[in-house]
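Small disclaimer: the values here were computed from a predicted structure and weren't measured. Sequence lines set the chain letters: A, B, ... in the order given, protein chains first and strands last, and positions in each chain run from 1. Just so you know, these numbers use all the heavy atoms, side chains as well, and skip hydrogens, waters and symmetry mates.
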Amino acid sequence: MSAMIAPVDEAGIIAAVQAARAAREPLAIEGQGSKRGMLRPVQAARSLSTRGLTGVTLYRPAELIISARAGTPLAEIEATLAEKGQQLIAESPYLNGVFGTTAPPSIGGVVAANLSGPRRITWGATRDHVMGLRFINGAGEAIRSGGRVLKNVTGLDLCKLLSGSYGTLGVITEVTLKVLPAPETSATLLIETPDLASAVAALSAGLGSPFGVSAATALPVKDHVIAAVRLEDFAASVAYRMEKLRGVLGSLGTQRVMEDAESRAFWRGVREVEPLQVVPDEAIWRVSVRPSAGPQIAAAASAIGGRVMLDWGGGLVWIAASPSSANHMLISEAAHTQGGAAMLFRAPESLRLAVPVLPEEAAPLAKIGARVKEALDPGGLFNPGHIRAA
Amino acid sequence: MIALPAPKAEILARREEIIVALTALVPGDGVIAEGIRMKPYETDGLAAYRQMPLAVVLPSTTEQVAAVLRYCHEQGIRVVPRGAGTSLSGGALPLADAVVIGLMRLNAIHEINYADRYAVVGAGVTNIGITKAVEADGFFYAPDPSSQLACMIGGNVMMNSGGAHCLKYGVTANNLLGVKFVTIEGEVLEIGGTYLDAAGYDWLGLITGSEGQLGIVTEVTVRILRSAEGARAMLAAFNSIEIAGAAVDAIIGSGIIPVALEFMDKPCIHACEAFAHAGYPLDAEAMLIIEVEGSIAEQDALLARIKDICARFDPISLKVAETAEQSLAIWKGRKGAFGAVGRISPDYLCMDGTIPTSELPRVLRRIGEMSEQYGLKVANVFHAGDGNLHPLIMFDANDADSFHRAEAFGADILKLCVEVGGCLTGEHGVGVEKRDLMTVQFQPHELTQQRAIKSAFDPDWLLNPAKVFPLQGALSPALAAE
Ligand SMILES: Cc1cc2nc3c(=O)[nH]c(=O)nc-3n(C[C@H](O)[C@H](O)[C@H](O)COP(=O)(O)OP(=O)(O)OC[C@H]3O[C@@H](n4cnc5c(N)ncnc54)[C@H](O)[C@@H]3O)c2cc1C
Ligand SMILES: Cc1cc2nc3c(=O)[nH]c(=O)nc-3n(C[C@H](O)[C@H](O)[C@H](O)COP(=O)(O)OP(=O)(O)OC[C@H]3O[C@@H](n4cnc5c(N)ncnc54)[C@H](O)[C@@H]3O)c2cc1C
């Protein structure tokens, strides 16, 4: 384990980056370290954590805006919003179960990994709601992008570039997110279908209906597949729309409705990838494809003895299978063939070092990417080798 | 007036040769070089600025776009991409030594997929063209700029355009899955695809809103959504701007997010009423248009809730549309707002700053004071839910002094937006218009950082130069102001 620096303010982060720059020593960047097992392990003598930078710095419920320092625990943000009847839009997961960790994820880590939950299919990803952020670049300068208003196209959008950059382009010190009122209630329609293709067709019919479905998952159980679609709104609307939805999806399989409490618990489980029931020595892949291609990805996974669950209407396929290079190549190839992308999400360090955890980019894009990395992190200080082999 | 960089003399001198070369790359009627035929391209929606380009090229395929860019890159020729030319910030304004690349011939709809809810369209397809292609099947493309009849999806991507319904459905960036993107070196890249989360860096997010600085988009994959069962609007008018602002806060605080929440001040109400006869209350200081979606019963329930909330703020008028026709009548004035102001003033500048909504009363009061100081009238219409202001400053273009005062007034408004915690532009982009105000919002090292990212895509600064970034501090020696 490398030595950890955990400053309590942004000035401390800047000083640490400047010291690393002067010494030409790379840094592993982390929040709470809850996802240290993600991507390729970083080879760095020191790690720099933003866990000491905590606290909500601005919350304006009527403006649908919250700002917090990067190390603020996700749960603290959720609690602050809940007091005013609001919520994070993208339903970001904790994934402590998936990674076998207990550290509460930080909001900086959630943004740096662009992690989104079931609501992403209708309401957008975490990155869609990042209205502003502050980060420290590799020159040790504090850079702001975006702001604290809901509409802003001033200059290049570095908020999106930094969201999902896994700490390789800058150290995020503060984020500003758009939030929304939490729904009065929710309900979920479960449909028992014979196979994944029928389940995804049901999800597609739900998402293509005028009834505002806010999540859609397909879970294989024994010899059938449960398709589930969620409604979230005022109680009268949810009741009305559920009736309509039952009609639209009536011919597709046996139905059951889950009311608010059960529905919430169900989707918390889906958000945390619990239905996949991963065991410690399995690897996890996350494949993003167009929803109707989900079943083909699942078929490729079964061929290697893997198990799957589908979210985002069928377009997000979680796969658990034994951790081998051959399995990784097969899953990556299947994703590529279907015009999507596979990511090795969780695996032993040896596998993460042996294979590309993300698909390679086309050469001209990789060339531009290297120049963008150089523009933000000229000394190559941040998370070397984390996304791709150096 | 904002300065444009000196043209490259050697490029101007080689004009004939360049036109011959471009004609070989885009044969037929793909190159426009005579003055009279280039005239429509000399300006965009910011009509006070005009500049004839070196030539105009109208490619019909991605391959032709790539060939033109490769040639221009080899020869060091500047390029200005152009969609419909409706930019209100001068984003598509030509330069004397630049080739304008018009994308309007890339206007095919390549694929519509309802099961997976996306459409793949050429960059030259109009915004409304996408919705028209899918509406018979009950679908729509959500971002709806007021210019949607004319503006093109490639331009929308490059400006990250918004619309009246983005409070619920988001702006362009939130409704894209992928683009086909041509670099200045002529390489064709597929960015994103037909799926939600592309792996690696969010190039699509960086390209969206980049105002033609990073490359040219030739194809766009957009999300299409199923339309709600129906929608209906109501109108609420109040005695003061403060009270209307408080009503907006109360609506959002109640947990309702209307699909649209538009705000007009008194001068704007008067201009629109004279134009559209929509039945707007002329004694009101501020008016809201609020739209909700769903079945008739759901609309009724939501409108009743909103009506109750508004009733707590002593409204002068509360009118809930009973029918789709009444709803259209309420919208008619708002939709024609720019045209209505155009009728009462020979010319106007449309500003586009965003402010935290809590600052609304203070900002509108200050704009009123500035209007007195500058001796120019102003009408305010804007997206109230998200604080994106559109002050319309009225002036007379035939009177140079009036134009200069209008520009100075506009700059003061935008500085005020930044001062209260907002930004220079919410949806129209920086372009040439706000280029020199970037130093109000960003520190020098922040601008240098953004410029360095532009350089990573376009090392020689050939793509739409002299826009977005102030010439002072430019990384490109050819652009640097002395
Ligand atoms: C693809 C993927 C794989 C994962 N694999 C594992 C795993 O194998 N084991 C495990 O325990 N958890 C894993 N996780 C869970 C994940 O680590 C956390 O849920 C989440 O990111 C919570 O935040 P954190 O503060 O713990 O972030 P961290 O785990 O500390 O960091 C997450 C990522 O964000 C970066 N980061 C964090 N903070 C900042 C910041 N302030 N500025 C810039 N970059 C920052 C890190 O460099 C890292 O790339 C994985 C998550 C993802 C998305
Ligand atoms: C009456 C009126 C109302 C408007 N209402 C709204 C509104 O409600 N909301 C809003 O957001 N905007 C609005 N606008 C502004 C304008 O319509 C938008 O900015 C629109 O997206 C521009 O599209 P365009 O096709 O006209 O692009 P252009 O004006 O031709 O170009 C815009 C910018 O993008 C670049 N560009 C264009 N196409 C490409 C391409 N394919 N590849 C690379 N670069 C390209 C150009 O170089 C330029 O910098 C309005 C304008 C008018 C005149």
**Engaged part of B:Y169 at the chain A interface, taking heavy atoms whose separation is under 4.5 Å** = neither
**Request:** Answer with side chain, backbone, both or neither: which region of B:F181 has an atom nearer than 4.5 Å to a non-hydrogen atom of chain A?
**Result:** neither
**Request:** Under 4.5 Å heavy-atom distance to chain A, tell me which part of B:K168 shows up: side chain, backbone, both or neither.
**Result:** both
**Request:** Could you have a look at B:V468, B:D386, B:T425, B:N113 and say which one has the most heavy-atom pairs with chain A under 4.5 angstrom?
**Result:** B:T425
**Asked** Hey, which of B:A452, B:G193, B:G255, B:G209 has the most heavy atom pairs under 4.5 Å with chain A?
**Response** B:G255
**Request:** Measure the CD-NZ distance between B:E229 and A:K244 for me, rounded to the nearest 0.5 Å.
**Result:** 5.5 Å
**Asked** Quick one: does B:V418's side chain get under 4.5 Å of A:T154's, heavy atoms only?
**Response** no
**Request:** Measure distances from B:H383 to the heavy atoms of chain A and classify the residue's part below 4.5 Å as side chain, backbone, both or neither.
**Result:** side chain
**Request:** Could you pull out the closest heavy-atom pair between B:A173 and A:R127, with the gap in Å?
**Result:** O-NH2, 3.6 Å
**Residue part contacting chain A, namely of B:A301, when any heavy atom lies under 4.5 Å** = neither
**Request:** Identify which of B:F139, B:F457, B:W203 forms the greatest number of heavy-atom pairs closer than 4.5 Å to chain A.
**Result:** B:W203
**Prompt:** Checking heavy atoms, do the side chain of B:E185, its backbone, both or neither come under 4.5 Å from chain A?
**Reply:** side chain
**Item:** Residue B:H445 excluded, over 12 heavy atoms near NE2 under 6.0 Å
**Value:** yes
**Item:** Per-residue contact mode, B:R451 against chain A (heavy atom under 4.5 angstrom)
**Value:** neither
**Prompt:** Given that the side chain runs from C-beta out, which part of B:I251 has a heavy atom under 4.5 Å from chain A: side chain, backbone, both or neither?
**Reply:** neither
**Item:** chain B interface, residue from A:G315, A:G164, A:G124, A:S292 that has the most non-hydrogen pairs under 4.5 Å
**Value:** A:S292
**Fill in**
Answer key: most heavy-atom pairs under 4.5 Å with chain B among A:A363, A:S288, A:A205, A:A62 is A:S288
**Prompt:** With only heavy atoms counted, which part of B:E187 is less than 4.5 Å from chain A, the side chain, the backbone, both or neither?
**Reply:** side chain
**Request:** Tell me, out of B:S295, B:S227, B:G429, who's got the most heavy-atom pairs with chain A below 4.5 Å.
**Result:** B:S295
**Prompt:** Which heavy atom in B:Q441 sits nearest to a heavy atom in A:G146, and how many Å separate them?
**Reply:** NE2-O, 4.3 Å
**Message:** Any side-chain to backbone donor/acceptor pair from A:E63 onto B:S358? Under 3.5 Å, distance only.
**Reply:** yes
**Message:** Which one wins on heavy-atom pair count under 4.5 Å against chain A: B:I256, B:L302, B:L196, B:T183?
**Reply:** B:L196
**Message:** Taking side chain as everything from C-beta outward and backbone as N, CA, C, O, which of these in A:L376 sits under 4.5 Å from a heavy atom of chain B? Side chain, backbone, both or neither.
**Reply:** both
**Request:** With rounding to the nearest 0.5 Å, note down the distance linking OH in B:Y201 to CG in A:L358.
**Result:** 10.0 Å
**Request:** Find the distance between CG (A:L156) and CD1 (B:I207) and round it off to the nearest 0.5 Å.
**Result:** 11.0 Å
**Message:** At a heavy-atom distance under 4.5 Å, which candidate from A:L207, A:V153, A:L150 has the highest pair count against chain B?
**Reply:** A:V153
**Under 3.5 Å side-chain donor-acceptor pair for A:N152 and B:T354** = no
**Request:** Compare all side-chain heavy atoms of B:Q443 with those of A:R144 and state whether any distance is below 4.5 angstrom.
**Result:** yes
**Region of A:Q338 that comes under 4.5 Å of a non-hydrogen atom in chain B** = neither
**Option that, when pairs with chain B are counted at under 4.5 Å, heavy atom only, ranks first among A:I121, A:L180, A:I387** = A:I121
**Asked** Where on A:A293 is there a heavy atom nearer than 4.5 Å to chain B: the side chain, the backbone, both, or neither?
**Response** neither
**Request:** Evaluate side-chain contact (heavy atoms from CB on, under 4.5 Å) for A:L64 paired with B:T357, printing each intermediate quantity in order.
**Result:** CA-CA 10 Å; A:L64 306 176; B:T357 50; over 6 Å; no
**Prompt:** Picking from A:P181, A:P210, A:P364, which has the most non-hydrogen pairs under 4.5 angstrom with chain B?
**Reply:** A:P210
**Asked** Which region of A:I143, side chain (C-beta onward) or backbone (N, CA, C, O), has a non-hydrogen atom less than 4.5 Å from a non-hydrogen atom of chain B, or is it both or neither?
**Response** both
**Asked** Do side-chain atoms of B:T194 reach the backbone of A:R290 as a donor and acceptor pair under 3.5 angstrom?
**Response** no
**Item:** Note, B:D202 side chain near A:D157 side chain (heavy atom, < 4.5 Å)
**Value:** no
**Selection from A:E361, A:K178, A:R148, A:R120 maximising heavy-atom pairs under 4.5 Å formed with chain B** = A:R120
**Complete:** Applying a strict 4.5 Å limit to non-hydrogen atoms, the region of B:L225 in contact with chain A is neither
**Side chains of A:P291 and B:R117 in contact at under 4.5 Å (non-hydrogen atoms)** = yes
**Complete:** From the list B:T448, B:L206, B:V248, the residue making the most non-hydrogen contacts under 4.5 Å with chain A is B:L206
**Asked** Where does B:I257 contact chain A at under 4.5 Å (heavy atoms): side chain, backbone, both or neither?
**Response** side chain
**Message:** Quick check: closest heavy atoms across A:K151 and B:C166, and the distance to 0.1 Å?
**Reply:** NZ-SG, 3.7 Å
**Prompt:** Given that the side chain runs from C-beta out, which part of B:L189 has a heavy atom under 4.5 Å from chain A: side chain, backbone, both or neither?
**Reply:** side chain
**Interchain contact, B:D197 with chain A, by part (heavy-atom threshold 4.5 Å)** = both
**Complete:** Turns out that what part of B:Q449 lies under 4.5 Å from chain A's heavy atoms comes down to side chain
